[in-house]
**Student:** 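Take a look at this one; I'll ask things after.
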Number of protein chains: 2
Amino acid sequence: MGRSAGGTGVRRSMGDAFHSDCPARMVLDHVTSKWGVLILAALRKRDLRFFELRGRIEGVSEKMLSQTLRMLVRDGLIRRTVSPASPPQVSYGLTALGAALAEPLDTLLERVRTRARQVLAAQRAHDAR
Amino acid sequence: MGRSAGGTGVRRSMGDAFHSDCPARMVLDHVTSKWGVLILAALRKRDLRFFELRGRIEGVSEKMLSQTLRMLVRDGLIRRTVSPASPPQVSYGLTALGAALAEPLDTLLERVRTRARQVLAAQRAHDAR
DNA sequence: CAGCATCCTATTGGATACTG
DNA sequence: CAGTATCCAATAGGATGCTG
C-alpha cells in the first residue's frame with residue numbers, strides 16, 4: 001500500500017520525505033544532495049554572497065540555490081548573515097557543525113575531480129562488451 | 001530551448017542525465033546518490049554479497065540496490081565477482097578507484113551519525129520562530 | 001540466491017516571471 | 001542584489017511479480 005491515498009497530509013518542505021525515523025539518513029540526504037555538496041564545499045574557503053555562490057556553482061538555478069541554502073541554514077550547517085545596506089547584502093558561511101561535514105565532502109570532491117577520467121575510461125571499457 | 005522537444009532520443013540508463021560536459025559532476029552524482037553512499041561505505045570493511053548488502057542497508061529495494069550496483073560497477077568503482085555454485089554466489093567489493101572515494105564518504109557518514117541530533121536540535125530551534 | 005521487468009507516484013529541479 | 005512563486009518536465013525510486 002504505502003501512501004496510496006496521498007498520505008495523511010504531512011507536507012514538509014524539502015528533503016524530509018521519509019526520514020521520520022532515522023535522523024542520520026535525513027542529514028546525509030541533505031548534505032549529499034545535488035547542490036548541497038557543492039555549496040558546502042564552496043564555503044570552506046570563505047564566506048560567500050548569494051551571487052558569488054551562483055557564479056561559482058555552475059548550472060545551479062536561483063531556485064535550487066536558495067532552496068538548498070534555506071534547508072542547510074535550518075539544519076544549522078550554514079549561517080546566514082544580513083548586512084543592512086541599500087543593495088541588500090547577504091552572506092553565507094559554515095557553522096562549526098557545517099565545517100565538520102564540509103571537510104570530508106571537499107576531500108571527496110577533489111578525489112572525484114582527479115579520477116573522473118579514469119571513471120570515464122572504465123565506462124567505455126565496460127560498454128565495449 | 002533546452003530539451004523542449006524531448007531530446008534527440010539519447011536514453012542512457014541512470015545518472016547520466018546531463019553530464020555530457022562535466023565528467024566530475026557525473027561521478028559525484030553517482031557516488032553521492034541516495035544508495036551509492038551507503039553501498040560504497042558498507043563495502044569498505046569487506047566484500048559483501050547481494051543479500052548481505054540488502055540486509056545492511058536499511059530500506060533499500062532490490063531494484064535500487066541492483067541498479068546502483070550496476071552503475072557503480074560500470075564506473076569501475078566496484079568489482080563484481082561470480083563464484084560458480086548451484087545457488088549462485090555473487091560478491092561485490094571495492095576497486096582501488098572505489099576505495100579512494102569510499103574513504104571520505106565513510107568519514108562523512110560517521111560524522112553525520114554523531115551529529116544528527118545536533119542537526120535535529122537546530123531544526124527545532126529554527127522552526128520555533 | 002541474485003537478480004530483472006513493469007507499473008506508477010513522489011520528488012527533483014529547470015524556466016520564467018515577479019518583488020523588496 | 002537577493003530572493004520568491006508558479007508551472008511543468010524529467011527522474012528517482014517504491015511495489016509487485018517473475019526468472020535462472
Side-chain angles (χ1 to χ4, degrees), chain A residues 1-19 25-26 29-30 32-39 47-55 57-71 73 78 80-92, chain B residues 1-19 25-26 29-30 32-39 47-55 57-71 73 78 80-92:
Chain A
M1 322 40 285
R3 55 240 61 113
S4 46
T8 348
V10 237
R11 198 119 294 256
R12 294 193 194 77
S13 42
M14 182 197 194
D16 291 18
F18 241 66
H19 309 109
R25 213 56 95 72
M26 175 202 59
D29 283 359
H30 288 192
T32 62
S33 69
K34 183 169 184 182
W35 305 112
V37 186
L38 273 354
I39 292 174
D47 291 13
L48 293 171
R49 296 181 43 195
F50 189 86
F51 81 100
E52 291 179 311
L53 276 167
R54 187 181 33 178
I57 300 176
E58 214 203 56
V60 71
S61 65
E62 294 190 348
K63 179 195 167 187
M64 287 318 297
L65 184 56
S66 81
Q67 198 170 114
T68 308
L69 244 11
R70 232 182 299 140
M71 177 179 74
V73 165
I78 285 181
R80 191 186 118 114
T81 316
V82 185
S83 305
S86 33
Q89 219 153 294
V90 183
S91 73
Y92 295 90
Chain B
M1 51 216 16
R3 57 241 63 111
S4 46
T8 347
V10 239
R11 196 116 299 252
R12 293 195 196 76
S13 43
M14 184 197 194
D16 291 17
F18 238 66
H19 308 110
R25 213 55 96 69
M26 175 201 61
D29 283 358
H30 287 192
T32 61
S33 69
K34 185 169 182 181
W35 305 111
V37 187
L38 273 354
I39 292 174
D47 291 13
L48 293 170
R49 296 183 39 199
F50 190 85
F51 81 100
E52 291 178 311
L53 276 168
R54 188 180 32 179
I57 300 177
E58 213 202 58
V60 71
S61 65
E62 295 190 347
K63 178 195 167 187
M64 287 318 297
L65 184 55
S66 80
Q67 197 170 115
T68 308
L69 243 12
R70 230 182 301 141
M71 177 179 72
V73 166
I78 286 182
R80 190 187 120 114
T81 315
V82 185
S83 306
S86 35
Q89 223 155 289
V90 183
S91 73
Y92 295 90

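Residue numbers begin at 1 in each chain, while the letters A, B, ... track the order of the sequences.
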**Student:** Report yes if some heavy atom in the side chain of Tyr92(B) is under 4.5 Å from a heavy atom in the side chain of Thr81(B); otherwise report no.
**Tutor:** no
**Student:** Whole-Å distance between dT11(D) P and Met26(B) CE?
**Tutor:** 15 Å
**Student:** Would you mind reading off the distance between Met71(B) atom CE and dA12(D) atom C1', rounded to a whole angstrom?
**Tutor:** 11 Å
**Student:** Using the test salt bridge (charged side-chain N to carboxylate O under 4.0 Å, His left out), find all partners of Arg80(B) that sit at least two apart in sequence or belong to another chain.
**Tutor:** none
**Student:** Bend across the helix from dC1(C)-dG20(D) to dG20(C)-dC1(D), to 10°, with axes taken over 5 pairs at each end?
**Tutor:** 60°
**Student:** From CG of Leu48(B) over to P of dA2(C), roughly how many Å is that when rounded to an integer?
**Tutor:** 11 Å
**Student:** As an exercise, state the distance from CH2 of Trp35(A) to CG of Leu69(A), rounded to the nearest 0.5 Å.
**Tutor:** 13.0 Å
**Student:** What closest approach, in Å, do Glu58(A) and Arg25(B) show between heavy atoms, and which atom pair accounts for it?
**Tutor:** O-NH2, 3.0 Å
**Student:** Starting at atom CZ of Phe51(B), determine the distance to atom C1' of dC1(C), rounded to an integer number of angstrom.
**Tutor:** 8 Å
**Student:** Taking atom P of dG13(C) as reference, at what distance in whole Å does atom NE2 of His30(A) sit?
**Tutor:** 12 Å
**Student:** Choose from dT4(D), dT6(D), dC4(C) the nucleotide whose nearest atom is closest to any side-chain atom of Ser66(A).
**Tutor:** dT4(D)
**Student:** Could you give the CD-to-P distance, from Gln67(B) to dC4(C), as a whole number of Å?
**Tutor:** 10 Å
**Student:** Nearest 0.5 Å please: distance from the CD1 atom of Ile57(A) over to the CD1 atom of Ile39(A).
**Tutor:** 5.0 Å
**Student:** Check the distance between dA5(D)'s P and Met64(A)'s CE and give it to me in whole angstrom.
**Tutor:** 15 Å
**Student:** So which nucleotide from dG14(D), dC1(D), dG14(C) ends up closest to the side chain of Arg49(A)?
**Tutor:** dC1(D)
**Student:** Which atom pair, heavy atoms only, marks the closest approach of Arg49(B) to Pro88(B)?
**Tutor:** NH2-O, 4.0 Å
**Student:** What nucleic acid atoms does Arg54(B) come within less than 4.0 Å of, heavy atoms only: base, sugar-phosphate, or nothing?
**Tutor:** nothing
**Student:** Given dG3(D), dA5(C), dG13(C), identify the nucleotide with an atom nearest to the side chain of Lys63(B).
**Tutor:** dA5(C)
**Student:** For Val60(B) and for Leu69(A), find the nucleotide of DNA chain D with the closest heavy atom, then tell me which residue's nucleotide is more 5'.
**Tutor:** Leu69(A)
**Student:** With rounding to the nearest 0.5 angstrom, report the OG to CZ distance, Ser91(A) to Phe50(A).
**Tutor:** 13.0 Å
**Student:** Under the salt bridge (charged side-chain N to carboxylate O under 4.0 Å, His left out) rule, collect the residues that match up with Arg70(A), sequence neighbours excluded.
**Tutor:** none
**Student:** Output the single nucleotide from dA2(D), dG14(C), dG14(D) whose closest atom is nearest the side chain of Lys34(B).
**Tutor:** dG14(D)
**Student:** Search all heavy atoms of Ser33(A) against all heavy atoms of Thr68(A) and return the closest pair with its distance.
**Tutor:** OG-CG2, 4.2 Å
**Student:** Identify each atom pair where a protein N or O and an N or O of nucleotides 18-20 of chain D are less than 3.5 Å apart, giving names and distance.
**Tutor:**
none

**Student:** For Glu62(A), which residues count as a side-chain hydrogen bond (donor to acceptor under 3.5 Å, both in side chains) partner, sequence neighbours excluded?
**Tutor:** Arg54(A)
**Student:** Without decimals, in angstroms, what is the distance between Arg80(A) CZ and dA2(D) P?
**Tutor:** 10 Å
**Student:** From dG13(C), dG3(D), dG3(C), pick the nucleotide closest to the side chain of Tyr92(A)?
**Tutor:** dG3(D)
